[in-house]
Amino acid sequence: MQPRTTQFRQNSASALADERIQRNLAGLYSGFHSARIDASSATADWESLRARGHEIKSHVIENLDYYLNTLADSVERAGGHVFFAKDAEDASSYVVEVASKRGIDLVIKSKSMLSEEMGLNERLEAEGMEPVETDLGEYIIQLAGDTPFHIIAPAIHKSREEVSDLFTERLGAPRYEDIEDLTKEARRQLRQKFLAAGMGISGANFLVAETGTVALVTNEGNGRMVTSMPKVHIAIAGMEKVVPSIEDLAMFLRLLIRSATGQMLSSYVTAVTGPRLHDEEDGPEEFHLVIVDNGRSRILADEHLRESLLCLRCGACMNACPVYRKVGGHAYGWVYPGPIGAIVSPMLTGLSDGKDLPYASTLCGACKEACPVKIDMPRMLLYLRKELTQGDSYPEHRSADAAERLAVKGWRASASSDAAMRATNLAARLGQALLSRGGEISKMPGPLSGWTDHREFPRAQKPFRSRWPLGDDAARRPRDER
Amino acid sequence: MSQRDAFLSRISGALGRDRPPQLPPSAPPYSVGPPDEIAERAALVTDMMKRNADNLFATLAHVAESAGWNVARVPDPRAAGKRILEIAKDLEARLGVFSPHPIVRAALRADPFAGSGIELLPVALGLDESESPQRGRERLRAAMAVADLGITGVDYAIAETGTCVIIPKAGVSRLVSLLPPVHVALVERGQTLPSLDELFTLRRNDFMQGETRSYMNLITGPSRTADIEYTIVTGVHGPGEVHMILVG
């Protein structure tokens with residue numbers, strides 16, 4: 001997916017003006033958000049689970065090299081292949097190579113945000129293959145040539161009428177009014193694809209280092225189809241998805257699912273460990289795990305941002321965020337929206353393009369409170385804001401432009417001595433005399449224009465220094481006592 | 001340098017070291033317990049499952065209902081067979097497929113479907129020795145794709161969440177509980193675990209004992225989606241109607 005993180009301001013303005021999007025976003029809050037609160041209150045020791053989840057994921061991230069090494073050994077022991085992909089291009093090429101080797105051209109996919117990140121569908125299409133998204137939301141998005149609006153409910157911005165139009169136009173289906181009929185139509189269409197496809201591509205919610213197991217959380221059953229029907233199954237996963245042991249799954253499934261949809265458990269949880277064994281009835285002959293970096297090691301190397309790799313991708317921070325709930329998922333311009341997206345998207349696609357995203361937060365802390373692994377998102381958003389201004393760790397990403405930097409340097413010089421300060425004040429007094437009309441300044445030049453675009457700037461009167469005579473208490477008293 | 005080594009050394013570099021540690025990192029915060037006590041913990045779980053079988057069965061019935069299962073409780077396998085026939089008749093089914101779990105075979109032993117006009121097909125390779133596995137898989141898959149219901153046993157059930165756990169193996173297909181529009185699961189007394197924790201303790205113990213399987217499914221209610229306007233619709237790709245029959 002091509003990042004459009006530069007367009008946050010325009011995108012959010014148009015989302016705010018769109019009544020339909022505003023209506024759908026309200027549903028997100030009353031739906032997922034309240035369901036999460038109900039499910040977490042119904043879970044014994046929810047708060048200690050969160051603390052434990054944070055602890056275990058942090059431990060894995062701090063030892064990620066060890067756990068990835070162990071994971072790869074375990075997958076190979078189970079008869080699977082492991083490919084370590086440096087970036088999206090590497091990962092997509094590997095998928096294409098495996099498909100070409102077996103002469104496969106129909107590929108069925110279950111939902112994977114990483115695949116969106118990689119632009120895998122575009123790549124497969126360019127190679128003459130047919131990738132078919134089978135999660136209902138992703139299927140709608142694919143037919144519409146659109147991008148996901150939410151990581152859990154990708155097509156939640158579309159109304160039933162729009163989906164109906166889309167099915168009629170793209171599939172030649174009759175016009176359905178009813179959501180149930182629309183769903184049945186998708187079932188019919190996709191059933192044929194499941195039976196015919198040569199390759200299934202899934203994401204991964206968790207990778208278990210000890211056993212080499214890929215755990216998938218789904219509700220529709222397409223994840224089971226994708227991992228059972230075709231001859232070849234490829235799971236693609238971000239490198240941060242590891243947990244140490246299969247015993248850790250119990251806790252992480254609770255944390256993820258109850259935070260995502262508010263179900264006590266999703267309809268299906270599927271654990272895949274290698275290809276089918278020789279005495280098993282069915283399942284793929286080949287299993288591949290593609291572990292993808294694609295910028296994540298950059299996040300890992302920054303100890304201020306490393307914590308963002310604990311993310312389980314449940315979407316709870318989005319549903320809780322007062323900004324996401326008004327501007328929606330498309331405004332953020334990339335695969336991962338909301339508070340966590342405002343941290344990882346700029347880091348994965350380029351901080352200077354995504355410079356508005358760390359500001360797309362009120363720092364109210366609702367995201368941190370909702371997060372099942374207690375990620376401190378406000379802290380990282382503040383850190384990114386600081387980086388964008390000062391650029392200590394990422395000078396190349398510094399967003400302050402040359403004029404602003406020059407101005408700050410100039411100010412520093414002007415405040416460095418008493419004489420310099422006096423000279424600057426005098427210059428400013430003379431300068432404002434040139435700009436002001438009738439006691440107000442309505443337009444300032446260059447980088448200062450931001451202060452006068454939407455309001456009048458009052459002309460400064462007597463300088464502060466001359467109003468604060470040493471030894472004169474009058475100026476220090478509150479105005480009304482004077 | 002291999003592609004794996006190059007990748008891992010980049011990760012080590014980001015963590016401020018040269019290469020991955022060879023030994024397990026110190027004091028891993030195991031969520032349940034350390035691996036060297038796994039056999040003892042698994043034995044405790046198995047014991048508790050037996051001792052609390054009645055309570056767990058009752059809780060399961062209640063929770064499964066709220067998770068979207070149609071729950072029925074029957075005294076013995078024979079009664080389970082009759083219940084399956086009722087379900088099939090309500091569906092006006094013509095073809096049912098089943099995994100020959102022992103409990104399913106026991107339920108069908110008295111041939112409750114005789115004279116019903118409903119065909120029942122076992123999904124297992126090697127029942128006909130003249131058929132190649134390749135051809136057998138194609139034949140069975142074609143049958144499952146048109147079957148009106150699929151009948152299975154389970155390996156475990158989970159009281160906390162109302163879940164059936166199915167671990168595919170010889171005689172247990174991945175697809176009997178997935179392709180037909182209706183799934184009927186038979187759960188035996190003594191198969192119910194209190195929670196997800198105990199399931200994964202047992203699975204870890206199996207792994208440590210070298211008893212590995214390529215797949216495990218946790219099934220909790222019908223296939224469902226809320227992808228259009230948050231409206232819940234069941235039966236998207238998997239079964240839209242699911243029955244849990246508690247036997248014993």
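Proteins get letters first, then strands, A, B, ... in listed order; numbering begins at 1 in each.
- Ranked by non-hydrogen atom pairs under 4.5 Å with chain B, the options A:G221, A:A271, A:G137 are led by A:A271.
- In this structure, chain B has a heavy atom under 4.5 Å from the side chain of A:R306, while its backbone stays farther away.
- Heavy-atom distances place the backbone of A:A85, and not its side chain, under 4.5 Å from chain B.
- Within the 4.5 Å cutoff, the side chain of A:T273 has no heavy atoms near those of the B:Y215 side chain.
- The two residues B:S214 and A:E280 have their closest heavy-atom pair at OG-OE1, 2.5 Å.
- Options A:E303, A:M264, A:M229 differ in how many heavy-atom pairs under 4.5 Å they form with chain B, and the most are formed by A:M229.
- Annotation for B:R174 and A:R224: closest pair O-NH2, 3.4 Å, computed over non-hydrogen atoms.
- Residues B:H237 and A:T134 share a closest heavy-atom pair of NE2-O, 2.7 Å.
- The CG atom of A:L265 sits 4.0 Å away from the OG1 atom of B:T220 when rounded to the nearest 0.5 Å.
- Residues B:S223 and A:R187 have side chains not in contact (no heavy-atom distance under 4.5 Å, counting atoms from C-beta outward).
- Heavy atoms closer than 4.5 Å to chain B are found in both the backbone and the side chain of A:A72.
- Here the straight-line distance linking atom CD1 of A:I61 with atom CG of B:L15 works out to 8.5 Å at 0.5 Å rounding.
- The minimum heavy-atom distance linking B:R224 with A:S267 is given by the pair NE-OG, 2.9 Å.
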**OP:** Give the C-alpha distance, both sets of side-chain angles, the deciding distance and a yes or no for side chain to side chain donor-acceptor pair (under 3.5 Å) between A:E247 and B:T201.
**Re:** CA-CA 6 Å; A:E247 283 197 278; B:T201 297; 2.7 Å; yes
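- Contact annotation for B:P133: neither backbone nor side-chain heavy atoms come within less than 4.5 Å of a heavy atom of chain A.
- Within 6.0 Å of the NZ atom in A:K184, the count of heavy atoms belonging to other residues, nucleotides or ligands exceeds 12.
- Heavy atoms of A:T218 lying under 4.5 Å from chain B are absent altogether.
- Using a 4.5 Å cut-off between heavy atoms, B:S66 does not touch chain A at all.
- Ion pairing between a basic and an acidic side chain is recognised when a charged N comes within 4.0 Å of a carboxylate O; B:R10 and A:D293 show such pairing.
- Counting heavy-atom pairs under 4.5 Å between each of B:Q3, B:E160, B:K169 and chain A puts B:Q3 at the top.
- For the pair A:Y66 and B:Q22, the tightest heavy-atom approach, listed with the atom from each and the gap, is CE1-O, 3.9 Å.
- Heavy-atom distances place the side chain of B:I38, and not its backbone, under 4.5 Å from chain A.
- Salt bridge annotation for A:E285-B:R137: absent, with no cationic side-chain nitrogen under 4.0 angstrom from a carboxylate oxygen.
- When B:R19, B:R17, B:R4 are each tested for a salt bridge (Lys or Arg N to Asp or Glu O under 4.0 Å) with A:D65, only one passes: B:R17.
- In this structure, CD1 in B:I219 is found 6.5 Å from OH in A:Y268, a value given to the nearest 0.5 Å.
- For the atom pair CG of A:L253 and CZ of B:F200, the computed distance is 5.0 Å after rounding to the nearest 0.5 Å.
- Using a 4.5 Å cut-off between heavy atoms, B:V165 does not touch chain A at all.
- Within the 4.5 angstrom heavy-atom criterion, only side-chain atoms of A:R77, from C-beta onward, approach chain B.
- Neither the backbone nor the side chain of A:E162 comes within contact range of chain B; no heavy atom of the residue lies under 4.5 Å from a heavy atom of that chain.
- The residue among B:V233, B:I11, B:L218, B:L196 with the most heavy atom pairs within less than 4.5 Å of chain A is B:L218.
- In this structure, the portion of A:M239 lying under 4.5 Å from any heavy atom of chain B is its side chain and not its backbone.
- Of the atoms belonging to A:V272, heavy atoms from both backbone and side chain fall under 4.5 Å from chain B.
- Crowding of B:L44 atom CG: a count of heavy atoms from other residues, nucleotides or ligands under 6.0 Å exceeding 12.
- When all heavy atoms of B:D227 and A:P154 are compared, the closest pair comes out as OD1-CD, 4.4 Å.
- In terms of heavy-atom pairs under 4.5 Å with chain B, the best-connected choice from A:K158, A:E180, A:R160 is A:R160.
- Contacts between A:F252 and chain B at a heavy-atom distance below 4.5 Å are absent for every atom of the residue.
- Heavy-atom distances place the side chain of A:L182, and not its backbone, under 4.5 Å from chain B.
- A heavy-atom distance below 4.5 Å is found between the side chains of A:I140 and B:I228.
- Ring pair A:F32/B:Y230 is perpendicular by interplanar angle, where above 60° counts as perpendicular and below 30° as parallel.
- In terms of heavy-atom pairs under 4.5 angstrom with chain B, the leader among A:G31, A:G274, A:G212, A:S159 is A:S159.
- Here A:S297 contributes atom OG and B:L8 contributes atom CG; the two are 11.5 Å apart, rounded to the nearest 0.5 Å.
- For a residue to count as touching a neighbouring chain, one of its non-hydrogen atoms must lie under 4.5 Å from one of that chain's; by this rule B:A124 touches chain A with backbone and side chain alike.
- When heavy atoms are compared at a cutoff of 4.5 Å, A:N24 approaches chain B solely by way of its backbone atoms N, CA, C and O.
- With a 4.5 angstrom heavy-atom cutoff, B:T163 touches chain A only via side-chain atoms.
- Going from atom OG1 of B:T161 over to atom CZ of A:R254 covers 8.5 Å, rounded to the nearest 0.5 Å.
- With chain B as the partner, the residue from A:T261, A:I156, A:T183 showing the most heavy-atom pairs under 4.5 Å is A:I156.
- Highest contact tally toward chain B, considering only A:V269, A:L190, A:L195, is held by A:V269 [criterion: heavy-atom pairs under 4.5 Å].
- Within the 4.5 angstrom heavy-atom criterion, only backbone atoms of B:P168 (N, CA, C, O) approach chain A.
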